[in-house]
Amino acid sequence: MAKKQTNDDLLTGGSLSAETKSAKKTKSGGAISIAPQTKKIIKSVICVIIVIAILAAYVATGAVRKGFIASLSIPAQTLTAVTVSNGDQKAKVKVSVYNFYFATQYNTLMQQKETYTQYGLDPKDAGLDVDFDKPLSKQEYTDKETNETMSWSKHMEELTLDAIEDTYTYYLAAVEANDGIEPEITEEQQSQINDTLKQYKETANKYGFTLSGYLVRAMGKGVTESVFRTETTRQYIASNYKETLTKDTSTKTYSADEISKYIKENEEDIKAIDVRIFDCANEDDAKEFASKLKADGSNFAELASSYTDDDFEKKAFANDGFTTELGVTRTTLIQKGYAIATADSKDKKDGEELSYPGLDWLFSSDRKAGEIKQYSTTVVYIIEPASLQDRKAVNVRHILVSPVGEDSETPATEATDKQWSAAEKKAKQILNDWNSNGGTEKAFSELAKSKSTDTGSQSNGGLYEDVIPGQMVNSFSAWCFDKDRKTGDTGIVMTDYGYHIMYFVGEAEDKVCDINAQTLLAEEESTSETKKLEDAYTRNVRWFASRYFEKDVDIDS
């Protein structure tokens, strides 16, 4: 699939493709430290809609599902395995449906472990010390938080039941909210189900199976075409409803008094800091980096460039913007995955919040501008210590000139020096032509529509509104929030996607701290509403039916 620059791509949370993020040892251009960020990406693989994405790979391996009742199918099709209910509504989940979710969870774990191994990470660090060449029932799993030990087979059963409860909680809530009628999924989602089943049918026929027979062999007893279609549809309905709840809460607005009160009560979460920051490949490099860093931080970018093995980064990090974070909060640094923002859970007890010793130091009121800190693999230079900053959000236009063009399969980070040089020359020419023709914002907007390779902002003249610090990739954000920035300023900024011709429209109306408070308030309310809904539904496992659950894999297949 071609990697096109979109509005979401420029956001730090999605500033790089998963492939690009994972391939880098150190990443500050998109403000990402590869080790923790990669783990975050891998862990996030488990989601409601997963089966369509992974079943093809699963089936292709030739793995055949076998429980201890491999010769029987009637119990799987008739026995109720689990009920999910809130008292008024009840869903009866058959053994065949349990098997569907079991296969999904099994394959998710396989995918996670393979990804960890692929990028040189130890699967044990994520609790994935499982051998898929041995029966799950003969391997031990230890929960790191509770220290409870059980078989991997039992752990898989718990994961499967959790997935069923989660899906059916939101599915039933969605039906109830829709006057008792099952909501429709989108045309795209329906098409995806149809296309997936068509693909499986072609493969099934190739090997002499019917589609249902093939799915039973691949996913477990009773998992026919009907079960597959019904459950993927319900997963989509559940996911859509959960997304709707989140959107409804996130768009809620709060009064000035509510925001002001929240800021006073949660000052530490709203405070922001200006830093230069970089994650090295290991702690030895980080210590050496810190020892070479000048007291004024003037060689920070130079050192960052020298402490990466990535060819693109060696050139890009010579630019201060790639290692500069302006106006970022604790939450933003955690989301970006810097080692200094890694939680310490060693002594965490049930019910306690995670501690972040690195961030505690960084955001302490004792900090001073010019301080240098090496924490784990992170090196940080403080430009401005943490405070309730007066910065406002900004509006900015840009024209992206990608070194690989709009439709190339190749990421910009893999473009040749010749391609980058050509892109820079083109960007300068566009800016010069714009200046020569009056240099108005309207003219810039028209150029963005015709010249920019950012498909996410082309249609609105390259405009991003209400941008806050930490939202965009580093160098883009650093340019926008330069303290001397003023309306009408232009410039050319390099990012992982190419050269951006920038036009500063001006400050937005709202303060960043108010926007952050609004966001946190909405998140807390969303979490509260979600918890209330989930607590209302309970699951009940039928003991007799559980004797027929899928429990292992045919390791000889």
Side-chain angles (χ1 to χ4, degrees), residues 40-55 80-112 126-128 141 143 145-146 150 153-178 182-183 185-186 189 192-193 219-220 223 227-250 523 525-542 545-546 549-550:
K40 186 186 301 181
I41 294 167
I42 296 168
K43 288 178 182 178
S44 69
V45 171
I46 294 182
C47 59
V48 176
I49 306 302
I50 191 70
V51 66
I52 289 179
I54 64 174
L55 186 58
T80 295
V82 186
T83 59
V84 179
S85 173
N86 68 348
D88 297 324
Q89 293 179 295
K90 178 183 284 188
K92 295 182 178 181
V93 179
K94 296 187 183 303
V95 172
S96 58
V97 174
Y98 174 93
N99 292 343
F100 168 88
Y101 283 91
F102 178 89
T104 302
Q105 294 299 312
Y106 182 92
N107 282 279
T108 298
L109 284 173
M110 272 197 356
Q111 293 279 320
Q112 287 180 317
L128 294 172
Y141 168 83
D143 188 299
E145 293 205 4
T146 65
M150 63 187 79
S153 180
K154 180 63 177 176
H155 177 56
M156 280 296 303
E157 180 177 321
E158 290 299 318
L159 289 178
T160 302
L161 292 171
D162 287 345
I164 291 171
E165 183 177 3
D166 182 74
T167 296
Y168 274 86
T169 290
Y170 286 94
Y171 168 74
L172 290 172
V175 172
E176 184 177 32
N178 198 44
E182 183 176 274
I185 59 178
T186 67
Q189 290 167 343
Q192 191 170 22
I193 294 173
M219 299 192 77
V223 188
V227 169
F228 183 96
R229 187 180 292 279
T230 297
E231 294 311 311
T232 50
T233 299
R234 289 180 176 179
Q235 285 180 319
Y236 273 129
I237 291 171
S239 180
N240 293 345
Y241 186 69
K242 184 182 289 188
E243 184 178 345
T244 298
L245 291 179
T246 302
K247 284 183 176 178
D248 288 346
T249 308
S250 65
E523 287 178 353
E525 185 166 340
S526 176
T527 300
S528 176
E529 291 299 314
T530 298
K531 186 177 185 304
K532 188 185 302 182
L533 173 62
E534 292 177 354
D535 286 348
Y537 286 84
T538 58
R539 73 176 184 231
N540 180 45
V541 180
R542 302 288 179 87
S546 70
F549 286 174
E550 290 285 352

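Worth saying up front: this structure is predicted, and the values here are computed from it rather than measured.
Taking the six-membered ring where the residue is Trp, Y170 and Y241 present tilted rings, their angle falling between 30° and 60°.
The structure places NZ of K90 at 9.0 Å from OG1 of T538, a figure rounded to the nearest 0.5 Å. Here the straight-line distance linking atom CG of N107 with atom CD of Q112 works out to 11.5 Å at 0.5 Å rounding. One distance of note links CG of N240 with NZ of K247; it measures 9.0 Å at 0.5 Å rounding. Atom NZ of K94 and atom OG1 of T80 lie 4.5 Å apart (nearest 0.5 Å).
When all heavy atoms of T104 and F100 are compared, the closest pair comes out as OG1-O, 3.0 Å. Closest heavy-atom contact between N86 and D88: OD1-N, 3.0 Å. Residues Y168 and A91 approach most closely at CD2-CB, 3.4 Å, considering heavy atoms. When all heavy atoms of L161 and V541 are compared, the pair lying nearest together is CD1-CG2, 3.7 Å. The shortest non-hydrogen separation linking P183 to A174 is CG-O, 3.7 Å. Annotation for E534 and D166: closest pair OE2-OD1, 4.0 Å, computed over non-hydrogen atoms.
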Query - Stepwise side chain to side chain contact (heavy atoms under 4.5 Å, CB included) test for M156 and L109 - result: CA-CA 9 Å; M156 280 296 303; L109 284 173; 3.0 Å; yes
Query - D143 vs H155, side chain to side chain contact (heavy atoms under 4.5 Å, CB included): CA-CA, chis, key distance, verdict - result: CA-CA 9 Å; D143 188 299; H155 177 56; 5.9 Å; no
**Report entry** side chain to side chain contact (heavy atoms under 4.5 Å, CB included) assessment of V227 paired with N99
**Finding:** CA-CA 10 Å; V227 169; N99 292 343; over 6 Å; no
**Report entry** Criterion side chain to side chain contact (heavy atoms under 4.5 Å, CB included) on T530 and K242, from CA distance to verdict
**Finding:** CA-CA 8 Å; T530 298; K242 184 182 289 188; 5.9 Å; no
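Checked by atom type and distance alone, the side chain of T232 pairs as donor or acceptor with a backbone atom of R229 at under 3.5 Å.
A donor atom on one side chain and an acceptor atom on the other are found under 3.5 Å apart for Y236 and Q192.
Every salt bridge (charged side-chain N to carboxylate O under 4.0 Å, His left out) that K154 has, sequence neighbours left out, goes to E157, E158. Checked against side chain to side chain donor-acceptor pair (under 3.5 Å), Q89 has the following partners two or more places apart in sequence or in another chain: Y537. E525 meets the salt bridge (charged side-chain N to carboxylate O under 4.0 Å, His left out) test with K252; sequence neighbours excluded. Scanning for salt bridge (charged side-chain N to carboxylate O under 4.0 Å, His left out) contacts around E523 gives an empty result, with sequence neighbours left out. For D535, the side chain to side chain donor-acceptor pair (under 3.5 Å) partners two or more places apart in sequence, or in a different chain, are K531. Listed by chain and number, the residues in a salt bridge (charged side-chain N to carboxylate O under 4.0 Å, His left out) with D162 are R539 (sequence neighbours excluded).
Taking the side chain as every heavy atom from C-beta outward, L159 and T108 never approach each other to under 4.5 Å.
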